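Structure record follows, encoded as structure tokens.
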Protein chains: 2
Amino acid sequence: MFTFDSMEIDLSQAEENYLKAIYSLFVVANKAVSTNKIAEKLNTKASSVTDMVKKLSEKELVNYVKYQGVSLTTEGKNLAVHVIRKHRLWEVFLVRHLGFKWDEVHEVAEQLEHVKSVKLTNGLDAFLDFPKYDPHGDPIPDKEGNFIKRNITILSSLKINEESKIVGVKDSSSAFLKYLDNADIKLGAEIKVIHKENFDNSMMLLIEGQKISISQQISSNLYVKQND
Amino acid sequence: MFTFDSMEIDLSQAEENYLKAIYSLFVVANKAVSTNKIAEKLNTKASSVTDMVKKLSEKELVNYVKYQGVSLTTEGKNLAVHVIRKHRLWEVFLVRHLGFKWDEVHEVAEQLEHVKSVKLTNGLDAFLDFPKYDPHGDPIPDKEGNFIKRNITILSSLKINEESKIVGVKDSSSAFLKYLDNADIKLGAEIKVIHKENFDNSMMLLIEGQKISISQQISSNLYVKQND
DNA sequence: ATAATTTTTTAGACAAGTCTAAAAAATATT
DNA sequence: AATATTTTTTAGACTTGTCTAAAAAATTAT
Ligand SMILES: [Mn+2]
Ligand SMILES: [Mn+2]
Ligand SMILES: [Mn+2]
Ligand SMILES: [Mn+2]
């Protein structure tokens, strides 16, 4: 049976970042992703992407046909998920044990995710007691690469009087996370939709007893789980 | 007053490794170190070292005169010590919290020491309760770069009946550390020299009540602190 | 269906870091 | 002091990952 322990391919940080980018773009698009989209995501140029994608194709980590976009092979996907696992475990560590705020962890996790040591990753996982979610509500793959598939609802799509719980953020930029902190909007908070303003699509909510109005910008970047 | 917080120079991992190598070679030689020695330490070629040393000299991190060896500037030394601080803090973390043995930490620490985040380093330091020594008995610089200067005695230089405590290892290769584990020789152990064999310079010791014989190879790689 | 526009790839260049082989300098030997 | 040996530097090449500018292909508009 497959586990990450068996993975001994030594990729560069650049290669790992490409795999991650391709993975996350594919998840939303659900079809082969363009070199342009990858370039945008990685803050680089499409020509650089073409070069790298050829290299990854040589290594059989991506499927690539000229002019037709890129997708991950099974092996490429496993490697991408493994990097994501490390990224999210480190984020948990930083928040729980080193006093980082959820808007401060990403940059450091981007570095830590490239450290290579199966013992380190699994040791960290155990130390943290096998967390299922990172500080932004994103699921953490276990060492087999399996993770919880969340039943995501976007807050903005809720109807009046529907009740739910905030379980994640779509945008995890520092700016958005800080806004949430200031507005006292936290993961796990119970909310109820009181009113939806037709004019600007803003929403009036009851969050943990508090009445609060949020713009469409905000409500379309919050994931909720509806109460049964 | 100077602290590492003020250091914002962004060095590559290669540059940091060169500074560390030059630092540790200089500490033992106490004079400008040769490109050859640096090459040997870093498992590279002297010609590569010459190139890099020129670059570091441009950045005023080393003093370099052709054919006359290399030494660190104040800034270079500060940066080297900062990397060593991170290396040793991570080693403590790995042993204390992730179940690593002292012979397993070095390789991973070599990667972790290059992660850049003042908040991470100081947070880790605080989480570990500001440890003074790493698992091999090496002193850990604080955030000002200061560390305890140990009064090192090599075990092999002790006379008969002298009593002392094991406080460090000179060789921290995995092979040597595993030997010590098997022989049940630990940092902190109280020892007394019972006998010195003239023939091969082996030593008979009393370690925590146990009688044990060690070769010169071993005794010349153990640091002790003499009891007053 | 042709033309205009956008996307993607190619061609050529560059910086970082490394290597081998040869030249130059320093050191050791006779 | 001259010669041989060792150490160090230079010269030129290679890899990885990136870039700009130009060419080619695909897409959109007319
Ligand atoms: Mn993140
Ligand atoms: Mn996250
Ligand atoms: Mn070490
Ligand atoms: Mn150590």
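Order of the sequence lines fixes the chain letters, A, B, ..., with proteins taken first and strands second; residue numbering starts at 1 for each chain. Owing to the predicted nature of the structure, the values given are computational and were not obtained by experimental measurement.
With rounding to whole Å, B:Lys45 atom NZ is found 16 Å from C:dA22 atom C1'. The nearest whole Å value for the distance from the CD atom in B:Glu58 to the P atom in C:dA16 is 11 Å.
For A:Ser71, the side-chain hydrogen bond (donor to acceptor under 3.5 Å, both in side chains) test picks out A:Asn63, with sequence neighbours left out. Residues satisfying the salt bridge (Lys or Arg N to Asp or Glu O under 4.0 Å) criterion with A:Lys225, sequence neighbours excluded, are absent altogether. Partners of A:Asn198 according to the side chain to side chain contact (heavy atoms under 4.5 Å, CB included) rule, which considers only residues two or more places apart in sequence or in another chain, do not exist here. Listed by chain and residue number, B:Glu16 satisfy the salt bridge (Lys or Arg N to Asp or Glu O under 4.0 Å) test with B:Lys116 (two or more places apart in sequence, or in another chain). The salt bridge (Lys or Arg N to Asp or Glu O under 4.0 Å) search around B:Glu110 returns B:Lys20, not counting sequence neighbours.
Contacts between residues 17-36 of chain B and DNA chain D, defined by a heavy-atom separation under 4.0 Å, are made by B:Ser34, B:Thr35, B:Asn36. For the segment residues 46-54 of chain B, residues with any heavy atom less than 4.0 angstrom from an atom of DNA chain D are, sorted by number, B:Ala46, B:Ser47, B:Thr50, B:Lys54. In the region residues 62-70 of chain A, proximity to DNA chain C at under 4.0 angstrom, judged on heavy atoms, holds for A:Tyr64, A:Lys66, A:Tyr67.
Sorted by first and then second residue, the ring pair (Phe, Tyr, Trp, His ring centres under 6.0 Å) pairs involving residues 102-123 of chain A (not counting sequence neighbours) are A:His87-A:His106. Applying the salt bridge (charged side-chain N to carboxylate O under 4.0 Å, His left out) rule to pairs touching residues 58-71 of chain A yields A:Glu15-A:Lys59, sequence neighbours excluded. The list of salt bridge (charged side-chain N to carboxylate O under 4.0 Å, His left out) pairs with a residue in residues 94-104 of chain A, not counting sequence neighbours, reads A:Asp103-A:Lys178, A:Glu104-B:Lys119. Counting only residues at least two apart or in different chains, side-chain hydrogen bond (donor to acceptor under 3.5 Å, both in side chains) contacts with residues 30-42 of chain A comprise A:Ser24-A:Lys41.
In the displayed structure, A:Asn151 atom CG is contacted under 6.0 Å by at most 12 heavy atoms of other residues, nucleotides or ligands.
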